[in-house]
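Here the structure comes first, spelled out in structure tokens, and everything after it is commentary.
The model shown is predicted, which means the values in this text are computed figures rather than measured ones.
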Amino acid sequence: MQARIRTAAVGLAMTVLAAVGVPAAFAPPAHATQTITDIAYAPAQPAGSRGHLLDLYLPATGITPRPLIIWHTGSAWSSDDGKAGADAIAAIFNPLGFAVAGVSVRSSAQAIFPAQVHDIKAAIRWLRANAATYQLDPNRFAIMGDSSGGWLTEMATLSGGVSALEGALGTTGVSSAVQTGLAFYSPTDFLQMNAQNLPTGGLDHNSPASPESLLVGCPIQTCPATVAQANPMTYVDANDPPLMFLHGQADFLVPHGQSVLLYNKIKAQCGSATFVSVPGADHMMPQVMDPAHYGTQTVRTTKNCGETVGTGTLDPTWPNFTTFLRGGLKMGTSCEVTYATEVWNGAFNGSLTIRNTGTTPIYGWTATWAWSGNQLITNAWNATVTQTGTQVTARDAGTNTYIGPGSSQSLGFSASVTGTNDIPAQFKLNNLVCTRVPA
């Protein structure tokens, strides 16, 4: 298959919104984006299949290189078209400056485990190897998915560096690591699923025809060693990237207890995780994200061997997910800027101090703003500054990339000016709007 390129205004069609749980009222504005479909990240296996294809959605705005979100839609491992639905994810995140890749992997009918993990890692390697071509930030890859897509998310997030799961498909010699993950109602320990079913019933996961048995190629209770290799639980350690996962307590298909097991394992290993448990929600994103549940969900967070537990402290919304992903990608979650000038006839010196008011560190920063008049930067220090028209981009100088929580970095510049010299209306840090503090 040949990759196809199109440029379109991406809106949120109601049917797609329902599939990923985005109410139309929360839709961002239509956003011009470049879409490249059916990119082969590895040769098709079998011939003519879709399991080694990905789609890329590249935003028209925001800083470059762009952070990337990889999306895979769940299907109980029965479909080789997991990139479907990524257009709705792109409609949410492209306007925020994120690139989105919808990735397909082989179905369990086409290849058994670990083929699906080999596939997603091959896709990640391809995306990282081609990052410069598509202006992606190779150090800021996140992954998301629901159900078996959530399983794939957790496997990719937790198994970085596990050579047995790397495979040799497509591009090799490049890291398949991701920096953070967000998963919805994923299976994590197949052999315990039946025991965790709701009192009213659930799937027979031990059946030879269950999705889990078909994935690993044997009735799961007869091949525990193979099953263990397919469990995200197996790969948890203290060095894993931060992971958020959500699960409905009324999930009929994948028991809620699966996420409880995973959270407890991450906590025991002193890893970093946020677990959002939603009462009354079944195996659907619209139910997990239903505003009717806001304020009732239990939120458990573990980090550095500590734990916080609260009720209703983090509603399952796209803005909150975005904040989590930005923190995991070390882009910053909140910021302040102080802007000051020393003016003389026809010119001025300016300084910008950027303070990280979030709780996670920032590695690598870009500050942007737009002039309201005829200012033109002529020199800069502590940053690499470029200007196109009225738009200014100031990137860290390479020696000052780190801004810890509560810490700051400063840059300075000289500029010419004719007419008024008003303070810019808005400053952004890594595409996040900052609060301006008077000098």
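Interatomic distance, CG of Asn239 versus CD of Gln269, reported as 10.0 Å (0.5 Å rounding). Separating the CG atom in Leu432 from the OG1 atom in Thr323 is a distance of 8.0 Å, to the nearest 0.5 Å. Between the CD1 atom of Ile266 and the OG1 atom of Thr274 there is a distance of 9.5 Å, given to the nearest 0.5 Å. Summarising the geometry, atom CG belonging to Leu325 is positioned 12.5 Å from atom CZ belonging to Arg140; distances are rounded to the nearest 0.5 Å. For the atom pair CG (Leu127) and OG1 (Thr133), the distance works out to 11.0 Å, reported to the nearest 0.5 Å. With rounding to the nearest 0.5 Å, the separation of CG in Leu246 from CG in Asp251 is 12.0 Å.
At a cut-off of 3.5 Å, with distance as the only test, no side-chain donor of Lys265 or Thr188 sits close to an acceptor on the other residue. Of the N and O atoms on the side chains of Asp396 and Gln409, not one donor lies less than 3.5 Å from an acceptor on the other residue. A donor-acceptor pair shorter than 3.5 Å can be found between the side chains of Glu307 and Tyr263. Inspection of the Gln258 and Asp189 side chains reveals no N or O donor paired with an N or O acceptor under 3.5 Å.
The side-chain contact (heavy atoms from CB on, under 4.5 Å) search around Thr338 returns Thr353, Val437, Ala439, not counting sequence neighbours. Residues satisfying the side-chain contact (heavy atoms from CB on, under 4.5 Å) test with Asn379, not counting sequence neighbours, are Trp381, Ser414. With sequence neighbours left out, the salt bridge (Lys or Arg N to Asp or Glu O under 4.0 Å) criterion links Arg355 to Glu336. Partners of Ala84 by side-chain contact (heavy atoms from CB on, under 4.5 Å), not counting sequence neighbours, listed by chain and number: Asp81. For Phe141, there are no ring pair (Phe, Tyr, Trp, His ring centres under 6.0 Å) partners two or more places apart in sequence or in a different chain. Applying the salt bridge (Lys or Arg N to Asp or Glu O under 4.0 Å) rule to Asp55 yields the partners Lys83; only residues at least two apart in sequence or on another chain are considered. Residues satisfying the ring pair (Phe, Tyr, Trp, His ring centres under 6.0 Å) criterion with Trp77, sequence neighbours excluded, are Trp151, Phe190.
Arg326 places no side-chain N or O within donor-acceptor distance of the main-chain N or O of Ser334, the cut-off being under 3.5 Å. Distance alone, capped at 3.5 Å, is enough to place a donor-acceptor pair between the Thr153 side chain and the Gly145 backbone. Listed for the Thr33 side chain is a donor-acceptor partner under 3.5 Å among the backbone atoms of Leu58. In this structure a side-chain-to-backbone donor-acceptor pair under 3.5 Å is present from Thr234 to Ala228. Remark: side-chain polar atoms of Ser148 are paired, donor with acceptor, to backbone N or O of Ala76 under 3.5 angstrom. Looking only at distances, no side-chain donor or acceptor of Gln179 sits under 3.5 Å from a matching main-chain atom of Pro242. Remark: the backbone N or O of Gly364 is paired with a side-chain donor or acceptor of Asn430 at under 3.5 angstrom. The closest donor-acceptor contact from the side chain of Asn356 to the backbone of Thr360 lies under 3.5 Å. Side-chain N or O atoms of Glu342 include none that pairs as donor or acceptor with a backbone N or O of Asn349 at under 3.5 Å. With hydrogens and angles ignored, the 3.5 Å screen pairs no side-chain donor or acceptor of Ser407 with any backbone N or O of Ile403.
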Is there a side chain to side chain contact (heavy atoms under 4.5 Å, CB included) between Val278 and Tyr294 once you walk through the steps? CA-CA 9 Å; Val278 184; Tyr294 293 177; over 6 Å; no
What's the verdict on side chain to side chain contact (heavy atoms under 4.5 Å, CB included) for Leu376 and Trp371, showing C-alpha distance, side-chain angles and the deciding distance? CA-CA 9 Å; Leu376 179 64; Trp371 298 121; over 6 Å; no
Please report the C-alpha distance between Tyr134 and Ile39 in whole Å, then the side-chain angles of each, then the deciding distance to 0.1 Å, and finally whether the side chain to side chain contact (heavy atoms under 4.5 Å, CB included) criterion is met. CA-CA 12 Å; Tyr134 299 103; Ile39 300 171; 4.2 Å; yes
Just do the side chain to side chain contact (heavy atoms under 4.5 Å, CB included) check on Asp119 and His52 with the steps written out, would you? CA-CA 7 Å; Asp119 292 350; His52 290 157; 2.9 Å; yes
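A side-chain contact (heavy atoms from CB on, under 4.5 Å) with Leu243 is found for one member of Val236, Leu262, Leu182 and no other, namely Leu262. Among Phe245, Phe275, Tyr185, the one residue that satisfies the ring-ring contact (aromatic ring centres under 6.0 Å, His included) test with His256 is Phe275. Tested against Ser259, the residues Glu154, Arg300, His247, Gln249 include a single side chain to side chain donor-acceptor pair (under 3.5 Å) partner, His247. Of the candidates Arg128, Glu166, Arg125, His118, Glu166 is the only one forming a side chain to side chain donor-acceptor pair (under 3.5 Å) with Ser176. Screening Thr401, Thr366, Thr386, Thr384 against Arg395 for a side chain to side chain donor-acceptor pair (under 3.5 Å) leaves a single residue, Thr366.
Each disulfide (SG to SG under 2.5 Å) pair with one or both residues in residues 52-106, not counting sequence neighbours, would appear here, but there are none. Among residues at least two apart or in separate chains, disulfide (SG to SG under 2.5 Å) pairs with a member in residues 393-439 are Cys335-Cys434. Residue pairs that meet the disulfide (SG to SG under 2.5 Å) test with at least one member in residues 248-318, sequence neighbours left out, are Cys270-Cys305. The list of disulfide (SG to SG under 2.5 Å) pairs with a residue in residues 359-391, not counting sequence neighbours, is empty.
Contact of the Asn139 side chain with the Tyr363 side chain is not registered, since no non-hydrogen atoms from C-beta on lie closer than 4.5 Å. Looking at Pro114 and Gln229, their side chains never come closer than 4.5 Å, going by heavy atoms from C-beta outward. Using a 4.5 Å heavy-atom cutoff, the side chains of Ile120 and Ile143 are in contact.
Ring-plane geometry between Phe413 and Phe348 is classed as perpendicular, the angle between the planes exceeding 60 degrees on a 0 to 90 degree scale with a lower cut at 30.
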Identify all side-chain donor-acceptor contacts of residues 285-293 below 3.5 Å with residues at least two apart in sequence or on another chain.
unit_1, atom_1, unit_2, atom_2, d
Gln287, OE1, Asp282, N, 2.8
Asp290, OD1, Ala292, N, 2.9
His293, ND1, Pro279, O, 3.1

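When the shell of 6.0 Å around CG of Asn304 is examined, it contains 12 or fewer heavy atoms from other residues, nucleotides or ligands.
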